Undergrad: 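Take this structure first; my questions come after.
Please read all numbers here as calculations on a predicted model, not as lab measurements. Counting convention: from 1, in listed order, for ligands and their atoms alike.
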Amino acid sequence: MKIAVVGVGYVGLSTAVCIATKYSTVAIDVNEARVLNLRAGKVPIHERGLKGLLTSGLESKKLGFSSSLASLASCDAVFITVGTPSAADGSIELSQIRNASTGIGAAIRDSTKKPVVFLKSTVVPGTARSVVRPLVEKYSGMNCGNGFGLCSNPEFLREGSAIKDTLAPDRVVLGPFDDLSLRLARTFYEGFYGRNGPEVLVTTPEGAELVKYGSNALLATKVSLINLIAKVSEKFPGTDVQDVARGIGLDHRLGLHFLQAGPGFGGSCFPKDVRAFRKSTTDFGLDSSILESVLKINEEQPQHVVELAEKATSLQGREIAVLGLAFKPDTDDIRESRSFPLIWRLLERGGKVRVYDPVAMPAAKTVLKSRVVYSTSAQDCIKGADLAIAMTAWRQIKSLTPADYLKQMRSPVLVDARRMYDPDEYGRKLRYVAVGLGSEDRRP
Ligand SMILES: NC(=O)c1ccc[n+]([C@@H]2O[C@H](COP(=O)([O-])OP(=O)(O)OC[C@H]3O[C@@H](n4cnc5c(N)ncnc54)[C@H](O)[C@@H]3O)[C@@H](O)[C@H]2O)c1
């Protein structure tokens, strides 16, 4: 089988290097500089295991990169993994999907292979049917199910564990339009995962698209709900949302995952997907207030962290260390990271901000420019600071001890926005404030 992956971002690159462990794969992107770098073995993103698979794929010649769609004519399957960002009104912005569908249609026009197009990008229900299918049909001059196949096939990998998730996903969801694509999907995934692979769920194209939005909406709802519970916990001295979350999560119907209070969810998926799902449900004339509340609570969280800090110290003229810029550890992705709305607010309040992140500094510099000072390490960042706000639970930040904060800071006030430290240990030794922790000065 020969496979193409169109769109070589976080998802496309992780997908391509994994597929190339089994099948001959060409990964195609409009970004020529990215293609050239990848051919030279340079990874553009921080993702565990990616470099090794890229190198072995290139060496074995099973993996190639191109900025042209011409090679699609000889492919059996084409995975669409282009971006689906938010438009200004929160709806999904489909220009990358339209361009990819048009290009794929034109490129497979003379194919003798009846290729199957898999739509992995996250799209609102109905997009494969109303956007991708007509464009591929128009530009290929063929009918879906006849000259080519089409299958919704949402992606669930998480940044930070993208390779692991691709090699061993919880499930594969298929929404085929035609028998051709279902047959090829089964052959492809059975060949890739073997007979004891993940459960394969087959539903309609719209059902598959909804599984993705439903999953992300439910996960985001858990985060916003625990952040609401965190605010209630803060009203009662000594009450800790961590205990409450554990008490809730030990119920096997609920589970402990995604009950971690913090500065809110960020990243390239949850915020935009919940916004797009809200817009799409509203367009159907449905009440989307549950999703509105999830987003509203999330938007308020950075401001809430600022308020927690202000209860402990004034911000005007203070040296403030923001620890962590990536939206979560093990990635350099800063898209919709909560650190940025936090930093803008701190600057508005007259704070002098210095920042540190082990891998996301280059990306952050393009946004923060000269508004902040860039530190070379976590220790360097807190040196001489009046306030530290821990935002991303990187190992380098989690490993700062109370003694480090006491030794390095001018006036040691620590806001644990991500709940990465033990409140008993840190609270006894320094002024420690945390999301979801009823305030109680524990210092002797
Ligand atoms: N990032 C994640 O963790 C994740 C997880 C699951 C699903 N998704 C979904 O997967 C999709 C891709 O996400 P991402 O984070 O990888 O996006 P990304 O922005 O990192 O990558 C998109 C890539 O597509 C390329 N591209 C755009 N138009 C193209 C075209 N016409 N032809 C070829 N290449 C083109 C861009 O240059 C870019 O490199 C989105 O729909 C996203 O919602 C993302």
Undergrad: If I compare all heavy atoms of Lys279 with all of Ser91, which pair ends up nearest, and what's the gap?
TA: CG-CB, 3.5 Å
Undergrad: Of the backbone atoms (N, CA, C, O) and the side-chain heavy atoms from C-beta on, which set of Cys269 has a member under 4.0 Å from an atom of ligand 1: side chain, backbone, both, or neither?
TA: side chain
Undergrad: Using the rule side-chain hydrogen bond (donor to acceptor under 3.5 Å, both in side chains), only one of Asp273, Thr221, Thr122 pairs with Asn216; which is it?
TA: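 Option passing the side-chain hydrogen bond (donor to acceptor under 3.5 Å, both in side chains) with Asn216: Asp273.
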Undergrad: Can you list the atoms of ligand 1 that are under 4.0 Å from a heavy atom of Val6?
TA: 32 (N), 33 (C)
Undergrad: Looking only at heavy atoms, is any part of Ser268 under 4.0 Å from ligand 1, and if so is it the side chain, the backbone, or both, or is it neither?
TA: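 For Ser268, the contact with ligand 1 is made by the side chain alone.
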Undergrad: Do ligand 1 and Tyr10 have nitrogen or oxygen atoms that lie under 3.5 Å from each other?
TA: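 Yes, at least one N or O pair falls under 3.5 Å.
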Undergrad: Quick test of your reading of the model: are Arg275 and Asp89 salt-bridged, counting only N-O distances below 4.0 Å?
TA: no
Undergrad: May I ask you to check whether Phe156 has an N/O atom sitting below 3.5 Å from an N/O atom of ligand 1?
TA: no
Undergrad: Do any N/O atoms on Thr122 end up under 3.5 angstrom from N/O atoms on ligand 1?
TA: yes
Undergrad: Check Arg335 against ligand 1 and report side chain, backbone, both or neither, counting heavy atoms closer than 4.0 Å.
TA: side chain
Undergrad: Given that the side chain starts at C-beta and the backbone is N, CA, C, O, which of these parts of Lys212 lies under 4.0 Å from ligand 1, counting heavy atoms, or is it both or neither?
TA: side chain
Undergrad: Is a donor on one side and an acceptor on the other found under 3.5 Å between the side chain of Thr81 and the backbone of Lys120?
TA: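 Not confirmed, Thr81 side chain does not pair with Lys120 backbone.
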Undergrad: Just heavy atoms, cut-off under 4.0 Å: does Thr81 contact ligand 1 by side chain, backbone, both, or neither?
TA: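 Looking at Thr81 and ligand 1, just backbone atoms fall under 4.0 Å.
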Undergrad: Does Arg195 pair with Glu190 as a salt bridge, N-O distance under 4.0 Å?
TA: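 Result for this pair is yes, salt bridge flagged.
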Undergrad: In plain terms, say whether Glu206 and Arg129 are close enough for a salt bridge, that is, a side-chain N and a carboxylate O under 4.0 Å apart.
TA: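 Salt bridge: yes.
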Undergrad: Where does the angle between the aromatic ring planes of Phe79 and Phe118 fall among parallel (under 30°), tilted (30 to 60°) and perpendicular (over 60°)?
TA: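 Parallel.
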Undergrad: Using a 4.0 Å heavy-atom threshold (strictly under), name the region of Lys272 that reaches ligand 1: side chain, backbone, both or neither.
TA: side chain
